[in-house]
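Below is one structure, written out as structure tokens, with a few remarks after it.
So that the names make sense, note that chain A is the first sequence line, chain B the second, and so on, each numbered from 1. Worth saying up front: this structure is predicted, and the values here are computed from it rather than measured.
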Amino acid sequence: MNAAPQTEQELLERALELAGFSLGEIAAKLGQQCPMDLKREKGWVGMLLETWLGATAGSKPVQDFEDLAIELKSIPISYSGKPLETTFVCVAPLTGIHGLSWEKSHIRQKLSKVLWIPVEGERDIPVCDRQIGMPLLWQPSTEEEAQLKADWEELMDMIALGEIAKINARHGEYLQLRPKGMNGKVVTEAYGASGQPIKAQPKGFYLRKSFTERILRRHFLHLAENNQDR
DNA sequence: ACTTGATCATGG
DNA sequence: CCATGATCAAGT
């Protein structure tokens, strides 16, 4: 519905205007029905915000706001203000990874600039009543990027060595690999232990809650400090 | 209580 | 199948 924002400032202003509205109010403005729960429409909140803000990418493997190089992420928040879920970033490449570096990786590109929009996510709040929070435009600090890079290199080393069968969600301090697919039967091409092609379950990169919690806390604590001065 | 592994919808 | 958008729910 809404046209793509032309500048970062315009995108931020639109996101700021969303704060305080409920998902049901925004859905109504878009002529959409609000689902009773998210069991069968897990991406509904993210799609709603994309539509409202004028995201352009669709299902292309680029940032939501390609021209602005900004990725949009909604993040479900608990009553205590902490993330209720990990954050999916992108699928992990399992083949053709020879010579791939963090600097050239898809995930680094996606995380280079993210507009986080917190949304109430407790299941006892009806979806239509859940309120949208203050947006946060984030770029990884030097430390954060180093942490992500370290995890990424550990995980990608396992993939490159054909150890995909050994990978589980326990690897990686801030970035983890988890199954990504319609169900456990979906398979894709990967490398086996001796370099031979094998079939494996597709994997996705997810940010652990401890990482996103720190992003949110740092930002909103900073705001609180600034407000004390006024 | 919390995380891991599984699952759902949609479009190309 | 691959990509996007994620949350559910079993297991520990």
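The nearest heavy atom of DNA chain B to A:Leu84 and to A:Gln201 marks one nucleotide each, and the one closer to the 5' end goes with A:Leu84.
The separation between A:Asn168 atom CG and C:dA10 atom P is 20 Å, rounded to whole Å. One atom, CG of A:Asn183, and another, C1' of C:dC1, lie 12 Å apart when rounded to the nearest Å. Here the P atom of nucleotide B:dT10 and the CG atom of A:Leu48 are 15 Å apart, to the nearest Å. Between the CG atom of A:Leu177 and the C1' atom of B:dT3 there is a distance of 15 Å, rounded to whole Å. If you take CG of A:Leu207 and C1' of B:dT3, they are 15 Å apart, rounded to a whole angstrom.
Side-chain contact check for A:Thr86 and A:Arg178: at least one donor-acceptor pair (N or O, by modelled atom type) lies under 3.5 Å. There is a side-chain donor-acceptor pair under 3.5 Å between A:Gln196 and A:Ser194.
OP1 or OP2 of B:dG5 has at least one side-chain nitrogen or oxygen of A:Arg170 nearer than 4.0 Å. Listed pair A:Gln176 / B:dT4 meets the phosphate criterion, a side-chain N or O lying under 4.0 Å from OP1 or OP2.
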Problem - Sequence-aligned protein contact record of nucleotides 3-8 of chain C, with B where the base is within under 4.0 Å of a protein heavy atom and S where only the sugar-phosphate is - result: BBBBBB

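Summarising the local packing, OH of A:Tyr79 is surrounded by more than 12 heavy atoms from other residues, nucleotides or ligands at distances under 6.0 Å.
For the pair A:Tyr191 and A:Leu161, the minimum side-chain heavy-atom distance is 4.5 Å or more.
When each of A:Glu145, A:Glu66, A:Glu71, A:Glu8 is tested with A:Lys113 by the rule salt bridge (charged side-chain N to carboxylate O under 4.0 Å, His left out), just one qualifies, namely A:Glu8.
Applying the side chain to side chain contact (heavy atoms under 4.5 Å, CB included) test to A:Ile77 and every residue at least two apart in sequence or in another chain returns A:Ile75, A:Pro118, A:Leu216.
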